[in-house]
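Quick notes on the structure that follows.
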Amino acid sequence: MILDQRLLPWKVSYLRCKHYQQVANAIKHMAIRGAPAIGIAAAMGIALGISKLRSSKGLEKRFDKICKTITSTRPTAQNLFWAISRMRQIFNAHRNKPLSELKNLLIKEAQNILDEDIATNKEIGNHGKVLIKPGMTVLTHCNAGALATGGYGTALGIIRAAWEAGIKIQVIANETRPYFQGARLTSWELAQEGIPVTVITDNTAGYLMSKRKIHLAIVGADRIAANGDTANKIGTYSLAVLARENNIPFYIAAPFSTIDSNLPSGERIPIEERSGKEVFYIGKRRIVPEGINALYFAFDITPHKYITGIVTERGIIRASYKEMIKKYGRR
Ligand code: MRU
């Protein structure tokens with residue numbers, strides 16, 4: 001069951017996926033989004049695909065096909081590939097077991113990935129809440145909350161943890177065009193908990209920073225390279241540069257499963273380019289005249305030099321990122 005995030009906040013509606021292809025479509029077409037949630041859905045999609053098999057005939061090929069379909073959904077979120085690789089490890093270790101046992105083991109692993117993600121988010125919240133002092137206004141971008149994860153959230157997990165600790169704060173959410181994850185999802189999530197949130201257009205943050213109306217920025221990540229360079233929702237890079245210009249601490253919050261230590265820097269992180277058509281419309285209304293082109297890169301890369309720290313479940317990583325990521329990665 002996937003909560004269809006495209007319909008929020010107007011409608012709470014679940015997609016009941018009966019085939020792995022439906023899970024793949026849900027990821028590709030943004031019904032479920034946010035790097036950790038994409039990873040969890042991918043694992044569940046694989047478990048679903050295998051659980052539908054009636055015999056072990058061509059098992060390996062069928063497993064590969066399922067993984068290939070799910071792999072090709074979105075290119076940037078490292079958690080997708082990480083989760084698929086965890087499922088593959090279980091498959092490889094148990095493929096000779098009776099099919100029913102293999103099915104159960106894959107279902108269990110997918111469930112583990114979900115459960116671990118929630119626990120990880122809570123740890124991120126615990127480590128990160130010290131960054132938030134009473135009275136602060138915290139800026140966030142896109143949605144790195146419960147909806148984008150197994151529950152609780154990464155960037156919003158820190159905000160939640162601070163709020164739960166009784167720290168009174170304000171949140172500013174960038175609307176995050178063209179999917180409006182900030183306007184629709186972050187505001188919805190925070191309002192449900194009574195956390196004061198104000199939505200701004202994506203081009204407002206610089207002005208507010210210059211007026212000292214923002215004290216801290218925390219965002220999520222889709223992929224972090226070994227040197228700390230971070231891919232996150234388009235617009236993150238501009239915010240980080242503005243934060244530096246205005247002496248505002250800029251933090252990334254992400255689980256270790258978002259770190260891709262195989263990539264030395266952000267340069268080779270694949271950036272998803274979605275159809276320019278997604279920029280033409282607000283809801284069903286076309287706002288761009290016919291005959292005009294539009295570009296939509298879904299993510300950008302923030303060089304590590306603009307990042308004050310990366311809050312993970314193992315603690316806060318600071319420069320020098322390469323050394324610290326390596327060190328914490330061994331834990
Ligand atoms: O295109 P989306 O909505 O999947 O992008 C989501 C983000 O950019 C999030 O900040 C990131 O995945 C972290 S979610 C905990």
Side-chain angles (χ1 to χ4, degrees), residues 2-8 26-42 73-83 113-114 116-118 120-125 128 139-161 173-186 188-190 202 217-224 230-240 250-260 266 269-275 278-279 296-302 307 310-313:
I2 290 177
L3 174 60
D4 191 341
Q5 298 189 29
R6 294 166 301 190
L7 303 177
L8 290 174
I27 298 172
K28 198 178 195 129
H29 300 296
M30 306 285 291
I32 185 160
R33 33 68 46 204
I38 290 172
I40 294 160
T73 52
R74 295 192 74 189
T76 307
Q78 172 63 7
N79 306 63
L80 172 71
F81 309 102
W82 170 86
I113 291 176
L114 168 63
E116 285 167 25
D117 189 64
I118 299 171
T120 296
N121 284 189
K122 297 235 164 112
E123 278 307 309
I124 291 173
L139 174 77
T140 192
H141 189 51
C142 193
N143 172 265
L147 290 164
T149 59
Y152 207 70
T154 55
L156 294 195
I158 295 176
I159 288 167
R160 273 201 169 90
N174 278 327
E175 62 178 356
T176 321
R177 248 183 72 78
Y179 272 89
F180 295 102
Q181 290 95 329
R184 297 187 298 109
L185 308 176
T186 295
W188 187 72
E189 262 196 64
L190 294 177
D202 290 325
I218 314 177
V219 301
D222 271 76
R223 197 186 296 217
I224 301 171
T230 294
N232 189 51
K233 181 53 57 197
I234 191 83
T236 301
Y237 168 48
S238 330
L239 291 175
F250 188 89
Y251 283 89
I252 301 289
F256 252 78
S257 48
T258 304
I259 299 178
D260 182 354
I269 297 180
I271 295 296
E272 177 180 16
E273 187 175 357
R274 296 182 69 88
S275 166
E278 297 185 2
V279 179
Y296 176 27
F297 291 98
F299 302 98
D300 59 22
I301 313 259
T302 301
I307 299 170
I310 303 175
V311 187
T312 73
E313 68 274 32

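Quick caveat, the model's predicted, so the values are computed rather than measured. Read the numbers this way: they start at 1 and go in the same order the structure lists the ligands and their atoms. Quick note: residue numbers are just sequence positions, from 1.
For ligand 1, the atoms sitting less than 4.0 Å from at least one non-hydrogen atom of Ala35 are 12 (O), 14 (S), numbered in the order shown with element in parentheses. Using a 4.0 Å cut-off to heavy atoms of Ala148, the atoms of ligand 1 that qualify are 14 (S), 15 (C). Distances below 4.0 Å separate heavy atoms of Met30 from the following atoms of ligand 1: 1 (O), 3 (O). Under a 4.0 Å criterion applied to the non-hydrogen atoms of Gln181, ligand 1 contributes the atoms 1 (O), 2 (P), 3 (O).
Ligand 1 has no N or O atom lying under 3.5 Å from any N or O atom of His141, backbone or side chain. Polar contact with ligand 1: absent for Thr154 (N/O pair, distance under 3.5 Å). In terms of polar-atom proximity, defined here as any N/O pair under 3.5 Å, Gly34 does make such a contact with ligand 1.
Looking at Glu189 and Arg160, a side-chain N of the basic residue comes within less than 4.0 Å of a carboxylate O on the acidic one, giving a salt bridge. Ion pair Asp260/Arg223 flagged as a salt bridge, since at least one NZ, NE, NH1 or NH2 atom sits closer than 4.0 Å to an Asp/Glu carboxylate oxygen.
Looking at Phe299 against ligand 1, only its side chain comes within 4.0 Å, counting heavy atoms. Looking at Thr149 against ligand 1, only its side chain comes within 4.0 Å, counting heavy atoms. Heavy atoms of Ala144 found under 4.0 angstrom from ligand 1 belong to the backbone as well as the side chain.
Side-chain contact of Tyr179 with Glu278: a donor-acceptor pair under 3.5 Å is present, judged by distance alone. With hydrogens and angles left out, the side-chain atoms of Thr76 and Asp222 include no donor and acceptor closer than 3.5 Å.
Side chain of Arg6 to backbone of Ile32: no donor-acceptor contact under 3.5 angstrom is found. Put simply, the side chain of Asp300 gets close to the backbone of Gly235: a donor and an acceptor are under 3.5 Å apart. In this structure a side-chain-to-backbone donor-acceptor pair under 3.5 Å is missing from Thr73 to Lys28.
The nearest heavy-atom contact from the protein to atom 10 (O) of ligand 1 is Asn232 OD1, 2.6 Å. The single protein non-hydrogen atom nearest to atom 13 (C) of ligand 1 is Ala221 O, 3.3 Å, given as residue, atom name and distance. Protein heavy atom closest to atom 5 (O) of ligand 1, with residue, atom name and distance, is Lys233 CE, 3.3 Å.
Distances from ligand 1 to the non-hydrogen atoms of Arg74 include at least one value under 4.0 Å. Taking 4.0 Å as the cut-off, Ala298 does not count as a neighbour of ligand 1 on heavy-atom distance. Heavy atoms of Asp222 come nearer than 4.0 angstrom to ligand 1 in at least one pair.
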**OP:** For side-chain hydrogen bond (donor to acceptor under 3.5 Å, both in side chains), just list the numbers for Asn143 and Thr186, CA-CA rounded to whole Å, side-chain angles, deciding distance to a tenth of an Å, and then say yes or no.
**Re:** CA-CA 5 Å; Asn143 172 265; Thr186 295; 3.2 Å; yes

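Looking at Arg33, Arg223, Arg274, Gln5 and measuring to atom 6 (C) of ligand 1, the nearest heavy atom belongs to Arg33.
The only member of Ile310, Thr312, Thr120, Ile224 that meets side-chain contact (heavy atoms from CB on, under 4.5 Å) when paired with Phe256 is Thr312.
Minimum interatomic distance between Val311 and Tyr251 (heavy atoms only, all atoms of both residues): CG2-CD2, 4.1 Å. His141 and Thr236 get closest at one heavy-atom pair: CD2-OG1, 3.5 Å.
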